Amino acid sequence: MVSTASTSTDIQSSLVKGLQPEESARVLEALAFIEPVYPDRTIASGQGALPFAICVGQLLASLNADVETRVAGLLFSMPIIEPALAETIEARFGREIAELIAGIRQLIRFNSVTLNQRQEVLRGKNAAQQAAAQVETLRKMLLAMASDMRMVLVRLASRVASLRYFAEIKLEDELSAKYARDTLDFYTPLANRLGIWQLKWELEDLSFRFLEPAAYKRIAKMLEEKRVERESFVQAAIVRLRTELAAAGIKADVSGRPKHIYSIWNKMRAKSLDFDDLYDVRAFRVIVEDVKSCYAVLGMVHNIWTPLLDEFDDYISRPKQNGYQSLHTVVVGDDNRPLEVQIRTQEMHNFAEYGVAAHWRYKENGGGGFAAQKYDEKIAWLRQLLAWKSEVADAVVEREEVRRDWAEKLKSTTLDDRIYVLTPQARVIELPNGATPIDFAYHLHSDVGHRCRGARIDGVMSPLNTVLKNGQTVEIITAKSGAGGPAGPSRDWLSPGYAASARTRSKVRAWFNAIEQQETVAVGRGLIEKTLQREGKTAVNLEELAHKLGFGKLDDLFRSVGRDEFSLRHVEQALHGDEPDKTPIVDEAAITRKSRASSVVQGAKSGVLVVGTDGLLTQLAKCCKPAPPDEIVGFITRGKGVSIHRHNCKNFTEMSSKAPERVIQTTWGAAGDTVYPVDIFVLAGDRQGLLRDISEILLREKINVIGVSTQSAKGTARMTFVVEIAATAQLQKALSVIREVGGVLDAKRQ
């Protein structure tokens, strides 16, 4: 019988394996801290808190976790017992460990919310596909919630400890089945994606044991050997092959991967195979330097053991559709049982593990797309990081700075470009980082977004510009559609801080655009009705009038009139039976109509950015009147800020030659719908209606005219228009049309 002292020493040794003396002291301090508190306490699974914590700590030690992770694994059950001890933990063990524990508790809280409710979330058509998508989102959420990836390691270890406890007491009831199903849905895929194989196979086998006890026992019996014996056989085969490879001078990494019970059952079920038809119950992999060595190793394997030729696959010369490459062969081992061997280069292995053909992708039938690819790249990096840690831990001397570097990298690794929040029914919603309740509402449905008036976050009323966090439950409060029509969004939602999603802002703008369209149609309808009343033609069929004027729909006529794009004089002509010209008539007042856009002349921001300086006063030079996207430069004036010129402006050239130190680099920034004044010069043969023709072109091109100057001498007209434009491309198009006007000799920007 093993003494208590000996047992205690063994526990301590297993908890501090691979740590430096000062680190070991911290782990043992945590163990001493929990020993008087945990006895006679139990956790949610019914297991004693102390043996549970020790098992978690031992699992983390087997993963070569750092000292902070091991301490957190021992302590994280403490807040369940007494929340007041959280402050004591931070004071005694430091903030880093306290934050680790808080994050682990958050993961447990999230999982407890969804565990009992997710079966009620998705029903109806395509329920299976929706459920699969929901489960995948939940997996991502578990990772995204972890501000420190070490939390996930602790959570995986804690789940293994719970399942081991159920297996030890042979518990086969609703609780163990619930834990098992939850494990297969969430935790085994996470372990697989992170490459933590030693936990993955145990999670799968234990879960399978509780979900399908009869099948588990049947397969276990058919294996005719214990796992240890299977691993011993594979290890013996590896040693033999390594000896042959060394003798042939071939450098190779040979590692065994014996199949576990759940994997065997899964393959039998998926491929409808009998146990006797399985050739990969025991397997190992050989990784070499180049393709030539792959085939050399294949020949050696076939010389050592008898191959089953029907089970040979050459995925190097004929890669799979997803790009996967490897040699697969099955041979008969020394005990006359099948042994599978995979042979590939390191590059092929990296691609299979971390690339498009990643092992978890074809195992779990994962999806593609840009967003998924971005997520997958992060998972691949994490797996490589964990693999690197294993290599470092196996070294003879583990330098302190290397271990610390790994811990910091793992701590800072988060999937923070997306957040995952819950509906009151525990449905997971994926949103961009920085999303608010408004983004959440529009993600549910456009109508919910339009009628959104408030939000409860975790049951507390919160402002609509509150930035959401992972794991929060959000409930949207909506306004009812009454007699006055449906409620709508606020224009404030287009301001910074209210919506992180471009999709949300687009829907808000679309709502206001629709409202403006309705208002424009109402204005146009009112103007036409007044015209009909003035002309005494109220009995006219408006649909026929619209068709007569060349409009397909009546609302198109109203909209065009409401926008001042179609003159009422055309309507009057049509009412009196005249054939409408259909060319917009421009009067003198239209030439100087005020622009609806924000004009620099009216004091709007110029949209000019002075490189390296914020908030500097700028003004557009009147000599050259620059407008986007003209190449511009700045000249520092005395008392009037920076004067902005076109780069080829004669005045600027003269000033810069005299004072080059006052030249400053500038560029155009975002200025919304700002318009800029420019001068247009037109030279033409003088004739009646020339001014009207040019003005009509500017109106059609939606260019506002704020000034006109004309001179006529000896049959030649010289016209100067001061117009407002948003960009020079708009002006160039108008000038090309003006040049086609009869009698026009030249049209250019001055």
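Nothing here was measured: the structure is a model prediction, and the numbers come from that model.
Rounding to the nearest 0.5 Å places OG1 of T653 at 9.0 Å from NE2 of H647. Between atom CD1 of residue I438 and atom NZ of residue K507 there is a gap of 13.5 Å, rounded to the nearest 0.5 Å. Here Y498 contributes atom OH and L464 contributes atom CG; the two are 7.5 Å apart, rounded to the nearest 0.5 Å. The CD atom of Q750 lies 11.5 Å from the CZ atom of F721; values are rounded to the nearest 0.5 Å. Expressed to the nearest 0.5 Å, how far NE2 of H645 lies from NZ of K650 amounts to 15.0 Å. Taking CD1 of I528 as the reference point, atom CG of L542 lies at 7.0 Å (rounded to 0.5 Å).
Side-chain N or O atoms of D439 include one that pairs as donor or acceptor with a backbone N or O of A500 at under 3.5 Å. A donor-acceptor distance shorter than 3.5 angstrom exists from the side chain of T466 to the backbone of P463, with no hydrogens or angles considered. Side chain of H547 to backbone of G552: a donor-acceptor contact under 3.5 angstrom is found. For R646 (side chain) and P626 (main-chain N/O), no donor-acceptor pair under 3.5 Å exists by modelled atom type. Under the 3.5 Å distance criterion, the side-chain polar atoms of S560 are left unmatched by any main-chain donor or acceptor of D556. In this structure, D458 contributes its side chain and T473 its backbone to a donor-acceptor pair below 3.5 Å. Remark: the backbone N or O of I476 is not paired with any side-chain donor or acceptor of T478 at under 3.5 angstrom. At least one donor-acceptor pair closer than 3.5 Å links the side chain of R505 to the backbone N or O of A499. Formation of a donor-acceptor pair under 3.5 Å by the S643 side chain with backbone atoms of F635 is not found in this model. With R739 contributing its side chain and A747 its backbone, the two residues share a donor-acceptor pair below 3.5 Å.
Taking each heavy atom of I477 and R456 in turn, the nearest pair found is CD1-NH1, 3.7 Å. Residues I703 and A734 share a closest heavy-atom pair of CD1-CB, 3.5 Å. Residues S656 and V663 approach most closely at CB-CG2, 3.6 Å, considering heavy atoms. Shown here for L735 and R749, the closest heavy-atom pair between the two residues is CD1-N, 3.9 Å. For the residue pair T667 and I632, the shortest heavy atom distance occurs at C-CD1, 4.0 Å. Among all heavy-atom pairs drawn from L690 and G685, the shortest one is CD2-O, 3.9 Å.
Ring geometry for W511 against H450 counts as tilted: the plane angle lies between 30° and 60°, on a 0 to 90° scale.
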Original post:
Can E654 and K658 be said to form a salt bridge (charged side-chain N to carboxylate O under 4.0 Å, His left out), step by step?
Top reply: CA-CA 7 Å; E654 184 178 349; K658 296 179 180 179; 3.6 Å; yes
**OP:** Check step by step if side-chain contact (heavy atoms from CB on, under 4.5 Å) holds for K548 and V540.
**Re:** CA-CA 12 Å; K548 186 176 181 180; V540 169; over 6 Å; no
Original post:
How far apart are the C-alpha atoms of Q730 and E701, what are their side-chain angles, what is the distance that settles it, and do they pass the side-chain contact (heavy atoms from CB on, under 4.5 Å) test?
Top reply: CA-CA 8 Å; Q730 181 187 19; E701 297 298 326; 5.6 Å; no
**OP:** Take K625 and V722 through the side-chain contact (heavy atoms from CB on, under 4.5 Å) test and state the conclusion after the steps.
**Re:** CA-CA 10 Å; K625 294 182 178 177; V722 183; 4.1 Å; yes
**OP:** Would you please test L545 and L549 for side-chain contact (heavy atoms from CB on, under 4.5 Å) and show each step?
**Re:** CA-CA 6 Å; L545 177 63; L549 293 169; 4.1 Å; yes
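Counting heavy atoms from C-beta on, the side chains of R503 and H443 come closer than 4.5 Å. At a threshold of 4.5 Å between non-hydrogen side-chain atoms, the residues L527 and V571 do not count as touching. Under the 4.5 Å side-chain criterion, counting only non-hydrogen atoms from C-beta, S462 is not in contact with P437.
When the shell of 6.0 Å around CD of E631 is examined, it contains 12 or fewer heavy atoms from other residues, nucleotides or ligands.
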For residues 488-497, please give each side-chain donor-acceptor pair under 3.5 Å, one per line with the distance, not counting sequence neighbours.
| unit_1 | atom_1 | unit_2 | atom_2 | d |
| --- | --- | --- | --- | --- |
| S490 | OG | D492 | N | 3.1 |
| R491 | NH2 | E516 | OE2 | 3.4 |
| S495 | OG | D492 | O | 3.2 |

